[in-house]
Amino acid sequence: FIHYEISNWAKEGYMGEHNLTYWRNNHYYGVGLSASGYIGNVRYTNTKSISEYNKGVNKLEKEELTLKDEKIYQIILNLRTIEGLDLKLYEGKYHEDFYTTFKEILDKFIQEKYLIYNRDKNIIYPTYQGMMILDNLLIKIMEKIS
């Protein structure tokens, strides 16, 4: 089994595509009671009430993301997986060099073997030990994000 995501293991070729949609920070529709979705810069959750839902009152909660929020979600969600954070994709979306911005923090966690920087693929991803302390790593990054 491969520990492909912080809370999931799977055999090769059987990783949960449903969950990977979330961790890749891709957009998705939430349809039905209590369903959640992420379209554009809006994350939402539908109502839990069948009578409200049948009246067409779908959205219970709605969060419009700022650019800072979008960066945070991208980092937090991508680093949950062994796919990691694609630095070229990040730079293309946010016009910021992630490695340069967080170099001091990243170098420390790379040196301590909590993160791996694959220069050929231009990704940063957590080791197994890194997944075990991921919250600590993310706190350090979040303190510096703009």
Side-chain angles (χ1 to χ4, degrees), residues 1-50 52-54 58-103 105-145:
F1 289 89
I2 301 165
H3 190 199
Y4 73 98
E5 187 263 317
I6 200 165
S7 61
N8 285 295
W9 297 73
K11 289 187 177 182
E12 184 70 42
Y14 291 93
M15 297 173 190
E17 288 298 322
H18 175 83
N19 286 350
L20 285 172
T21 297
Y22 305 140
W23 311 145
R24 290 173 180 149
N25 201 33
N26 293 336
H27 293 164
Y28 53 92
Y29 291 101
V31 180
L33 292 175
S34 300
S36 295
Y38 174 39
I39 303 299
N41 72 327
V42 176
R43 291 185 177 275
Y44 64 89
T45 302
N46 290 341
T47 182
K48 296 176 184 178
S49 166
I50 188 74
E52 290 296 310
Y53 191 81
N54 286 338
N58 300 8
K59 307 293 183 272
L60 175 66
E61 298 173 20
K62 182 173 138 182
E63 175 187 14
E64 291 189 39
L65 304 179
T66 64
L67 182 61
K68 180 179 178 179
D69 295 332
E70 289 182 24
K71 286 181 190 180
I72 289 170
Y73 275 114
Q74 191 77 42
I75 296 165
I76 289 173
L77 296 173
N78 286 184
L79 287 178
R80 286 181 61 100
T81 72
I82 61 171
E83 290 179 351
L85 179 65
D86 181 322
L87 302 182
K88 188 174 181 178
L89 177 71
Y90 184 91
E91 186 171 357
K93 278 177 105 169
Y94 305 113
H95 311 290
E96 174 181 87
D97 183 321
F98 182 81
Y99 190 84
T100 301
T101 303
F102 300 101
K103 184 177 182 352
I105 297 164
L106 296 172
D107 285 349
K108 177 182 183 296
F109 282 105
I110 290 167
Q111 181 182 11
E112 293 173 351
K113 306 216 183 308
Y114 293 120
L115 288 175
I116 294 174
Y117 178 23
N118 183 322
R119 294 182 197 291
D120 294 335
K121 294 183 179 179
N122 206 23
I123 60 170
I124 292 179
Y125 61 95
T127 62
Y128 174 78
Q129 294 81 7
M131 284 188 182
M132 298 300 107
I133 63 141
L134 190 61
D135 287 348
N136 293 330
L137 170 110
L138 293 173
I139 287 168
K140 296 290 184 199
I141 291 173
M142 295 309 115
E143 289 172 349
K144 189 171 175 162
I145 202 159

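Predicted model only: the values in this text are computed from it and were never measured.
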- Message: My understanding is that only residues two or more places apart in sequence, or in another chain, count here; which of them pass salt bridge (charged side-chain N to carboxylate O under 4.0 Å, His left out) with K103?
- Response: D107
- Query: Sub-3.5 Å donor-acceptor pair from the side chain of T81 to the main-chain atoms of N78, do we have one?
  - Reply: yes
- In Å and rounded to the nearest 0.5 Å, what is the OH to CG distance from Y117 to L106? 9.5 Å
- Message: Would you compute the distance between atom OG of S7 and atom CH2 of W23 and round it to the nearest 0.5 angstrom?
- Response: 6.0 Å
- For the atom pair CD1 (I124) and CD1 (I110), what is the distance rounded to the nearest 0.5 Å? 5.0 Å
- Note on the structure: Here the pair of heavy atoms bringing Y38 nearest to N26 is CD2-O, 3.5 Å
- Answer yes or no: is there an ion pair linking K121 with E83, defined by an N-O contact shorter than 4.0 Å? no
- Message: With a 3.5 Å distance limit and no angle check, can you tell me whether S36 reaches the backbone of G30 through a side-chain donor-acceptor pair?
- Response: no
- Query: Is there a donor-acceptor contact under 3.5 Å linking the side chains of K93 and Q74?
  - Reply: yes
- Query: Is the shortest side-chain N to carboxylate O distance from R43 to E61 below 4.0 Å?
  - Reply: no
- Item | Nearest-0.5 Å distance that lies between atom CG in N58 and atom CD in E52 | 10.0 Å
- Query: What heavy-atom pair brings D86 and I123 nearest, and what distance separates the two atoms?
  - Reply: CA-CG2, 3.8 Å
- Message: Just verifying a value: how many Å separate L137 CG and K108 NZ, rounded to the nearest 0.5 Å?
- Response: 9.5 Å
- Query: When you check the gap from the basic side-chain N to the acidic O, do R80 and E5 get nearer than 4.0 Å?
  - Reply: yes
- Message: What verdict does the side-chain contact (heavy atoms from CB on, under 4.5 Å) test give for L33 and K48, after you've listed the backbone C-alpha separation in whole Å, the side-chain angles of each residue and the deciding distance to 0.1 Å?
- Response: CA-CA 5 Å; L33 292 175; K48 296 176 184 178; 5.9 Å; no
- Query: Under the criterion side-chain contact (heavy atoms from CB on, under 4.5 Å), which of I72, I75, T101 is the partner of I141?
  - Reply: I75
- Taking atom OH of Y14 as the centre, does the number of heavy atoms from other residues, nucleotides or ligands within less than 6.0 Å exceed 12? no
- Message: For M15 versus I2, what's the shortest heavy-atom pair and its separation?
- Response: CE-CD1, 3.9 Å
- Message: Under a 3.5 Å distance rule, please check whether H3 uses its side chain to pair with a backbone N or O of I6 as donor and acceptor.
- Response: yes
- Message: So does G32 get a backbone contact from the side chain of N46, meaning a donor-acceptor N/O pair under 3.5 Å?
- Response: yes
- Report yes or no: does Y4 contribute a side-chain atom to a donor-acceptor pair with the main-chain N or O of G16 at less than 3.5 Å? yes
- Message: Are there over 12 heavy-atom neighbours, none belonging to E12, within less than 6.0 Å of that residue's CD?
- Response: no
- Query: What class does the angle between the rings of W9 and Y128 fall in, given that below 30° is parallel, 30 to 60° is tilted and above 60° is perpendicular?
  - Reply: tilted
- Sub-4.5 Å side-chain heavy-atom contact between N136 and Y114: no
- Step by step, work out the side-chain contact (heavy atoms from CB on, under 4.5 Å) result for Y22 and L77. CA-CA 7 Å; Y22 305 140; L77 296 173; 5.6 Å; no
- Message: Using a 3.5 Å distance criterion without hydrogens, assess whether the side chain of N41 forms a donor-acceptor pair with backbone atoms of T66.
- Response: no
- Message: Assess the residue pair N8 and N19 against the criterion (side-chain contact (heavy atoms from CB on, under 4.5 Å)); give the C-alpha distance rounded to whole Å, side-chain angles, the decisive distance to 0.1 Å, and a yes or no.
- Response: CA-CA 9 Å; N8 285 295; N19 286 350; 3.6 Å; yes
- Message: Quick check: closest heavy atoms across K88 and N122, and the distance to 0.1 Å?
- Response: N-ND2, 3.5 Å
- Supply the atom-to-atom distance I116 CD1 to F109 CZ, rounded to the nearest 0.5 angstrom. 14.5 Å
- Note on the structure: Residues K140 and I105: closest non-hydrogen pair is O-CD1, 3.4 Å
- Query: Tell me the ring-ring contact (aromatic ring centres under 6.0 Å, His included) pairs involving residues 66-93, sequence neighbours left out?
  - Reply: Y90-Y94, Y90-F98
- Task: Start with the C-alpha gap between M131 and I82, add the side-chain angles, then the distance that decides, and say whether side-chain contact (heavy atoms from CB on, under 4.5 Å) holds.
- Result: CA-CA 9 Å; M131 284 188 182; I82 61 171; 3.7 Å; yes
- Task: Take E70 and K68, measure what salt bridge (Lys or Arg N to Asp or Glu O under 4.0 Å) needs, and give me the verdict at the end.
- Result: CA-CA 5 Å; E70 289 182 24; K68 180 179 178 179; over 6 Å; no
